[in-house]
Student: 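Before anything else, here's the structure in question.
Order of the sequence lines fixes the chain letters, A, B, ..., with proteins taken first and strands second; residue numbering starts at 1 for each chain. If you're wondering where the values come from, they're calculated on a predicted model, not measured in any experiment.
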2 protein chains.
Amino acid sequence: MSDNKVDKVDIFAVAKRANVSISTVSRSFNHPELVNPTTRKKIDKAVRKLGYIRNRAAQTMHGIRSGTIGLVVPTIDHAIFAEVIQAFSDSVDAHGFTIMIASHGYDLEREYAALRKFLEHRVDGLALIGEDHSQETYELIERQNIPAVTMWNYSETSRLSCIGADNKMAGVLAAQHLVGLGHRDIGLLFPPTKDNDRARDRRSGVQKTLLNAGINLIPDWDVESTYSIADAKSAAQRLLRSPQRPSGILCGNDVLAMGVLYAARSCNLDIPQDLSVVGIGDFKGSSEVEPGLTTVRLPAWEIGRLAGNHLSQSITGDLTNEQRVGCDIVLIERGTCKPHFGIS
Amino acid sequence: MSDNKVDKVDIFAVAKRANVSISTVSRSFNHPELVNPTTRKKIDKAVRKLGYIRNRAAQTMHGIRSGTIGLVVPTIDHAIFAEVIQAFSDSVDAHGFTIMIASHGYDLEREYAALRKFLEHRVDGLALIGEDHSQETYELIERQNIPAVTMWNYSETSRLSCIGADNKMAGVLAAQHLVGLGHRDIGLLFPPTKDNDRARDRRSGVQKTLLNAGINLIPDWDVESTYSIADAKSAAQRLLRSPQRPSGILCGNDVLAMGVLYAARSCNLDIPQDLSVVGIGDFKGSSEVEPGLTTVRLPAWEIGRLAGNHLSQSITGDLTNEQRVGCDIVLIERGTCKPHFGIS
DNA sequence: AGTTTTTATGAAAACATTTGCATTACTATT
DNA sequence: AATAGTAATGCAAATGTTTTCATAAAAACT
């Protein structure tokens, strides 16, 4: 008889305590204007006394939205994604949605599995990173009747709504900067490009630009590193300690660039005197490091925010058409590059 | 009549197409051993053809677990938390759970709100950071019948299960190192300690140690910075440019320490020659920066992993008692500190 | 061949809600 | 005073599953 724990507290318990029917309790939550203020107060009191918490699972069964959004990213644990995730989260949170998150470690099978789980939970919308996904994944998404958006990538012909930047252009910008400064001995430090359209696009932009400038890549100077500052540092050390070293290194992203900066320091090479470095991303810390990292700014925060807004509005019906947003990117000149007038 | 979209595909649709009852379909999912292999095949085929996806909301209504875990963190967008989140996520993922995540930006009201939302979704477990939470929050959690765990903090008397490290000890260790090296002119760079027990505990450990050593803090050298490398850098620059500067700076965490390193560089101060720096955390990048950051290692990955395991097992019933795990912490000597034999 | 056991399936109740429809009790209008 | 209109509430059906119980069919015993 006492109202402490044990007795499960559902809408019936509340109704009983407030001396009304369950319909009235339900209405008092969902259409408060339809119920007498006095009654409402009684109900509120009962709710508080019992610590009642509505069961969204039961609501969801009525075609009512679940209020959740599924977000799948390659990894949470890295500068870039952490920032978009945060922005995306804040943005959808403001619209009242709750995020389900999963990371797949660049394994597209796991991505598919995560997506399926989300759909079992009847998420109202889906967000993913980039446009490299399995055929199955695309089909799965298209089969559902819920909006989906991809972040970080931008192309006019993307299969899903996208909000991001033109990664190829980012590569072009970075390369043009180095080339424009007179560098011809250029090293590349990129993450694996398999199943990673962002990295691949950047790389292709770089290669095109280099080719146009009549510069050809020396295989020894074209190095790959996983997305880790430790890996990047040791890869860069190997490159810098070899007898012949480039005058400039272009990195697929700022984390790798950071690794190069530290590697140079450890090799007693002065930046930018002995080596120029350019990154892509402009992550947190890139402007604070000494000297400040010259990089192509990708507006992570804005991408996350816009994507969150877009998705939320697509769900609530305030926005109906799909959309492709390309954010502006720009090269930020800081202190890691200097003109190079060497013989080539 | 056609099986393309529109017609909602629920368990009835599958049953119809496979020519069995819905009970059989349900069973074929939940207790496959009870249904004839031939029938199962028919059902599987129908499922695939229709693209049926089970509705966990409907399952959840039967007291079946929702398969979700709610995780609330101060912020996603920072080195420390990103790493625990990743580890925690991987760990509970392996147990089949899906994560709901929210960040509150060090606002305990928002934390409470996020928790409520999670509970509406009937999460099976709850994970939060640290032990500074509102009274309401604690009461809310205790009222529910689901396991909860806090990460990053450790104390024998914590109100909830905790898996973390003794932050006070971390402060002690950091301070002892500096003191042991002969430093007496010590500056402190800490984040705001309001609603942040981790920072507060570290600070108190530092203060105690300094006091015991007969060193008193100079207010001008006791500076505060938000948890941002940019802020930390400029705060440190102000400190380092003042006429009197400490011989060593102790930072509340590695991000702030990184700011100090950059600040020193920008002030043309050599580390460790002109200034010793010690951090707390040992985040990614701390060992790669040049010189490597001397810091107190907090095992973020392990904390996340253990907490994920503990929570998962508490949910599945494999583990029943609450638990308090204190991970080992240790000072890692790298290159940012050197003995100091100055007059004080 | 008859009986028991096992295997496979279906019917219907249960889960915690929302909502359309019906009902009651007022208030306003004539 | 009778009627119409409105406000507030309850009843019961519906939502998509799982599960208990009952039943039928098949297999294994006598």
Student: When you measure only distances, ignoring hydrogens and angles, does the side chain of B:Ser23 come within 3.5 Å of the base of C:dA11 through a donor and an acceptor?
Tutor: yes
Student: Rounding to a whole Å, what distance do you find between B:Arg122:CZ and C:dC15:P?
Tutor: 15 Å
Student: Hey, can you tell me if A:Trp152 and A:Phe81 have their rings parallel, tilted or perpendicular (30° and 60° cut-offs)?
Tutor: perpendicular
Student: Give a yes or no on whether a donor-acceptor pair under 3.5 Å exists between the nucleobase atoms of C:dG10, that is its base, and the side chain of B:Arg27.
Tutor: yes
Student: Phosphate oxygens OP1/OP2 of D:dT18: is one of them under 4.0 Å from a side-chain N or O of B:Gln59?
Tutor: yes
Student: Here's a test of your reading of the structure: between B:Leu34 and A:Val25, which maps to the more 5' nucleotide of DNA chain C?
Tutor: B:Leu34
Student: With a 4.0 Å cut-off, would you call A:Glu142 and A:Arg159 a salt bridge?
Tutor: yes
Student: Rounded to whole Å, please give me the gap between CZ in B:Phe12 and C1' in D:dA14.
Tutor: 11 Å
Student: As a test of reading the structure: which of C:dT18, D:dG16, D:dC11 is closest to the side chain of B:Asn55, going by heavy atoms?
Tutor: D:dG16
Student: May I have the distance from B:Ile22 (atom CD1) to D:dT15 (atom C1'), rounded to whole angstrom?
Tutor: 12 Å
Student: May I ask you to say what B:Tyr52 touches in the nucleic acid, namely base, sugar-phosphate or nothing, with a heavy-atom cut-off under 4.0 Å?
Tutor: sugar-phosphate
Student: Assess whether a salt bridge exists between B:Lys117 and A:Asp93, defined as any Lys/Arg side-chain N lying under 4.0 Å from an Asp/Glu carboxylate O.
Tutor: yes
Student: What is the distance from CG of A:Asn36 to C1' of D:dT6, rounded to the nearest Å?
Tutor: 13 Å
Student: With respect to the side chain of A:Ser26, which nucleotide from C:dT17, D:dT19, C:dT18 is positioned closest?
Tutor: C:dT18
Student: Looking at D:dT9, C:dA16, D:dT18, which one has an atom nearest to any side-chain atom of A:Val35?
Tutor: D:dT9
Student: Side chain of A:His62, base of D:dG16: donor and acceptor closer than 3.5 Å?
Tutor: no
Student: Report the distance from atom CE of B:Met61 to atom P of D:dT15, rounded to the nearest whole Å.
Tutor: 13 Å
Student: Pick from A:Val20, A:Val25, A:Asp44: which one makes a side chain to side chain contact (heavy atoms under 4.5 Å, CB included) with A:Thr39?
Tutor: A:Val20
Student: Can you check the B:Lys16 NZ to D:dG16 C1' distance for me, whole Å?
Tutor: 16 Å
Student: Is the terminal nitrogen or CZ of A:Arg54 (NZ for Lys, CZ for Arg) located under 6.0 angstrom from the six-membered ring centre of A:Phe29 and within 45° of that ring's axis?
Tutor: yes
Student: Between B:Ala58 and B:Thr39, which has a closest nucleotide on DNA chain C that is more 5'?
Tutor: B:Thr39
Student: How long is the line joining CZ of A:Arg40 and P of D:dT9, in whole Å?
Tutor: 10 Å
Student: Starting at atom CD1 of A:Ile64, determine the distance to atom C1' of D:dG16, rounded to an integer number of angstrom.
Tutor: 14 Å
Student: Picking from D:dG10, C:dA16, C:dT18, which would you name as closest to the side chain of A:Thr24?
Tutor: D:dG10
